[in-house]
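Take a look at the structure below.
Reminder, nothing fancy here: chain letters follow the sequence lines and each chain counts from 1.
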Amino acid sequence: MRELTYNQAALEAIAEEMRRDPKVFYMSTDALPSLWNEFGADRIKVMPIAESAITGMGIGAAGSGFRPIVDWRQVTFCFVAMDQIVNQAAKIHYMFGGQAKFPMLFRASVGGGGQVAAQHSQSPYSMFMNVAGLKMFLPSTPADMKGLIKTAIRDNNPVISFESGRLMGLKGPVPDGDYTIPLGVADVKRQGSDVTVVALAWLVHEALAAADTLAAEGISVEVIDPRSLVPLDSDTIRASVRKTGRLVVADEAGPTAGFSAEVATLVTEDPETFARLQAPVKRVCALQVPIPYSPVLENAVFPDRSRIIAGIREVLRGSRAVAA
Amino acid sequence: MISLSPNLPPERQRAMLQQMLTIRRFEERASDDYGAGKIHGVVHCYIGEEAVAVGVCTALTRTDRIISTHRGHGHCIAKGADLNRMMAELYGRQAGYCKGKGGSMHIADFDIGMLGANGIVAGGIPIVTGAGLAAQMEGKGGVAVSFFGDGASNAGPFHECLNIAATMKLPMIYVCENNLWAAQTSAAQTHAEIDVAGRAAGYGIPGVVVDGNDVFAVYQAANTAVARARAGEGPTLIECKTYRWRAHTERKGQPDPRDKAEVEAWLQRDPIALLERQLRQQGELDDAVLRAMESEIAGAIEAAVAFSEASPVPLPEQATDDVFAA
């Protein structure tokens with residue numbers, strides 16, 4: 001199969017959807033060359049750095065029959081548009097009794113590792129998960145990226161594409177032709193029987209590396225990539241934990257009220273899954289601090305494969321017997 | 001005084017009066033029913049400002065799009081919204097425009113280009129600017145109108161959007177209803193320059209000040225702006241000097257710091273009385289016509305109340321409907 005980078009896969013998905021549907025158009029503070037060259041000023045709207053206006057304009061265009069893509073670039077820049085995201089985009093369909101549809105795709109890169117300090121190294125997706133009315137995903141592979149973006153552009157709701165900054169250059173196989181990946185369907189990236197690791201984005205790759213290392217010791221790790229944050233595929237996560245009896249959640253964001261907390265709760269509040277748990281749930285997350293600049297500090301904050309391995313060993317050590 | 005009659009047929013001019021009266025009577029009833037506990041939450045009345053919504057919307061077609069504010073009943077009615085479904089929404093009933101999910105602050109009717117009342121000051125300005133972008137991309141000559149208050153003109157989205165609309169030559173009309181008070185705070189305390197229209201100069205677009213209680217003056221300014229927008233020449237900022245007669249909301253006991261003499265002076269410039277006098281002078285209105293008009297409006301409002309009372313309240317399980325569109 002041909003290979004594309006994570007970023008190329010996103011752009012290919014967008015270009016295909018723009019060819020397919022003339023109502024799709026793109027708003028961004030900088031024109032992306034490949035899209036600009038193909039679609040020009042009619043479909044690529046180069047906007048001033050005014051994210052509140054751009055985001056709101058996407059809502060108005062969506063409510064007027066278009067399918068805008070609003071590129072926030074880095075997630076940090078969308079914070080100045082929080083009124084439009086939280087008060088408007090998320091609520092407008094519900095608040096008006098469902099009378100109009102607001103199909104929108106928002107794009108935002110997330111994560112750290114670039115030594116760009118606190119304002120440009122953020123993983124705030126759980127803030128958005130907390131707002132009813134928004135869908136969102138965070139892929140870990142180029143193939144998932146393409147299929148999810150295409151689904152999101154066709155969805156009749158605001159959808160946020162969180163895109164891992166660390167993975168932009170990652171190459172991977174991408175199927176030819178038109179395909180979509182539904183929101184709300186997790187992908188089991190590796191089958192295993194001793195412990196379930198639920199990981200996002202870059203940490204999916206770190207978890208797979210951890211699984212390889214532990215396989216040499218006879219420890220069988222199942223790696224689940226939810227891909228989609230809202231809706232979140234609780235069935236697949238619970239089924240895996242019922243099988244393995246152990247759960248580690250790996251997230252580049254901090255733990256407090258985060259994605260990892262949500263996954264832990266999904267497992268523990270389900271009686272059948274809770275009954276099968278053999279150990280306390282372990283979260284392997286960033287430290288709860290603003291992300292620092294100096295590489296030594298930044299590396300100290302983020303989880304990686306070694307911390308995932310340590311987390312897995314901890315849940316294995318802490319295990320109890322449960323009735324089969 | 002009111003400006004000379006515009007080039008509109010007498011029946012259109014009478015229709016403007018009828019709409020203004022409808023807004024006022026609708027809100028008088030809404031206020032009463034709010035006081036009686038039949039309408040919940042919060043109600044912001046537009047009474048005193050009716051000439052702005054009616055003057056502007058008379059210059060629009062059904063497919064043109066508008067957005068409104070928390071003080072939105074007047075814009076809904078002027079754009080042609082159904083009184084039954086409006087009142088039912090205020091009553092929180094299933095037959096309301098929003099199925100009881102929105103209430104007074106969030107009435108929308110997308111079928112008539114009314115993109116919604118909005119509870120966040122300046123929140124609607126970017127959204128309707130996006131509707132203006134949509135109209136430009138559609139290429140059918142449509143325009144979009146942003147109604148907002150003097151308070152919103154101090155917020156970032158106003159400035160961001162005027163710059164964008166001017167740069168992109170969007171078919172936009174920005175209508176500032178300057179009623180001199182943003183909730184409990186006077187424009188004199190919060191505006192560096194008293195005329196909001198002057199801010200248009202910074203974006204290289206026309207900025208005009210009109211008497212917002214003179215419905216013909218508002219109509220004529222809007223008509224000029226709409227023609228400019230339809231011709232692809234870009235946006236206009238219209239500042240309508242007006243006044244809200246009532247407190248910020250209908251909630252009892254809230255502070256109203258406005259000077260009694262200021263309120264009284266504006267009550268003397270009732271936009272409805274001004275239009276009525278003008279139409280009488282033109283020989284287009286007499287007591288019989290006015291009585292018939294009032295009677296028709298009273299009937300429509302009674303019917304809206306009856307419709308609302310007959311509509312079932314939402315079912316609790318409907319709270320989870322419409323979070324996402326299919």
Side-chain angles (χ1 to χ4, degrees), chain A residues 22-23 25 27 41-43 45-68 70 80-84 86-104 131-135 155-159 183-184 230-231, chain B residues 65 67 85 89 94 96-103 105-111 113 115-135 137-138 142 144 146 155-165 167-168 170 314 319-326:
Chain A
K23 293 293 189 186
F25 74 100
M27 287 196 281
D42 286 348
R43 310 277 300 280
K45 303 296 180 187
V46 180
M47 306 301 292
I49 301 171
E51 286 82 3
S52 178
I54 300 168
T55 302
M57 287 177 70
I59 299 168
S64 302
F66 285 85
R67 291 185 174 272
V70 177
V80 298
M82 282 303 253
D83 172 54
Q84 292 299 326
V86 177
N87 279 324
Q88 314 294 343
K91 298 178 175 37
I92 198 164
H93 176 74
Y94 182 89
M95 198 168 72
F96 294 155
Q99 64 177 285
K101 295 180 168 117
F102 298 90
M104 282 174 276
V131 178
L134 300 172
K135 297 183 180 182
D155 196 285
N156 284 324
N157 296 281
V159 184
L183 293 166
V230 177
Chain B
R65 299 180 179 107
I67 213 161
R85 294 181 66 198
E89 186 57 37
Q94 281 190 28
Y97 264 116
C98 312
K99 304 177 190 167
K101 298 258 176 65
M105 270 191 291
H106 303 301
I107 298 177
D109 183 350
F110 280 70
D111 289 339
L115 306 188
N118 202 301
I120 307 298
V121 167
I125 300 176
I127 298 173
V128 75
T129 302
L133 175 61
M137 292 192 291
E138 286 162 352
S146 182
F158 166 81
H159 296 276
E160 294 182 16
C161 288
L162 254 64
N163 177 58
I164 289 171
T167 305
M168 299 177 84
L170 297 181
T320 54
D321 290 348
D322 294 323
V323 176
F324 291 112

With chain A, the option among H106(B), E138(B), R65(B) that has the most non-hydrogen atom pairs under 4.5 Å is H106(B)
Exactly one candidate in I127(B), T129(B), V128(B) meets side chain to side chain contact (heavy atoms under 4.5 Å, CB included) with M57(A); the answer is T129(B)
- Task: Answer whether the closest heavy-atom distance between the side chains of K45(A) and I164(B) falls below 4.5 Å.
- Result: no
Counting heavy-atom pairs under 4.5 Å with chain B, the top scorer among P103(A), A100(A), S64(A) is S64(A)
| Tell me, do T167(B) and P48(A) make a side-chain contact under 4.5 Å, heavy atoms counted? | no
So, the part of N156(A) with a heavy atom under 4.5 Å from chain B: the answer is both
Looking only at I54(A), D155(A), I59(A), most heavy-atom pairs under 4.5 Å shared with chain B are made by I59(A)
Bottom line for I92(A): the part with an atom under 4.5 Å from chain B's heavy atoms is side chain
Among M27(A), K135(A), Q88(A), K91(A), the residue with the most heavy-atom pairs under 4.5 Å to chain B is Q88(A)
Between Y94(A) and T320(B), is there a donor-acceptor pair closer than 3.5 Å when you use the side chain of the first and the backbone of the second?
no
Residue from T55(A), D42(A), D83(A) scoring the most non-hydrogen pairs under 4.5 Å with chain B is D83(A)
Q99(A) side chain to A108(B) main-chain N or O, any donor-acceptor pair under 3.5 Å? yes
Heavy atoms of K101(A) and A325(B) approach each other most closely as CG-CB, 4.0 Å
Applying a strict 4.5 Å limit to non-hydrogen atoms, the region of A135(B) in contact with chain A is neither
d(F96(A) CZ, I107(B) CD1) to nearest 0.5 Å is 10.0 Å
Okay, A144(B) and chain A: the region with an atom under 4.5 Å from a heavy atom over there is neither
Side chain to side chain donor-acceptor pair (under 3.5 Å) filter on E89(B), not counting sequence neighbours, yields none
Turns out that what part of L170(B) lies under 4.5 Å from chain A's heavy atoms comes down to side chain
The interface call for D321(B) against chain A, heavy-atom contacts under 4.5 Å, is backbone
For P126(B) and Q84(A) the tightest heavy-atom approach is CG-NE2, 3.5 Å
Bottom line for M168(B): the part with an atom under 4.5 Å from chain A's heavy atoms is side chain
One option among G119(B), A122(B), G123(B) has the most heavy-atom pairs under 4.5 Å with chain A, and it is G123(B)
Those residues at least two apart in sequence (or on a different chain) that pass side chain to side chain donor-acceptor pair (under 3.5 Å) with D111(B) are none
Problem set entry | Side chain to side chain, F66(A) and L133(B), heavy atoms closer than 4.5 Å | no
A53(A) and E160(B) have their tightest heavy-atom pair at N-OE1, 2.9 Å
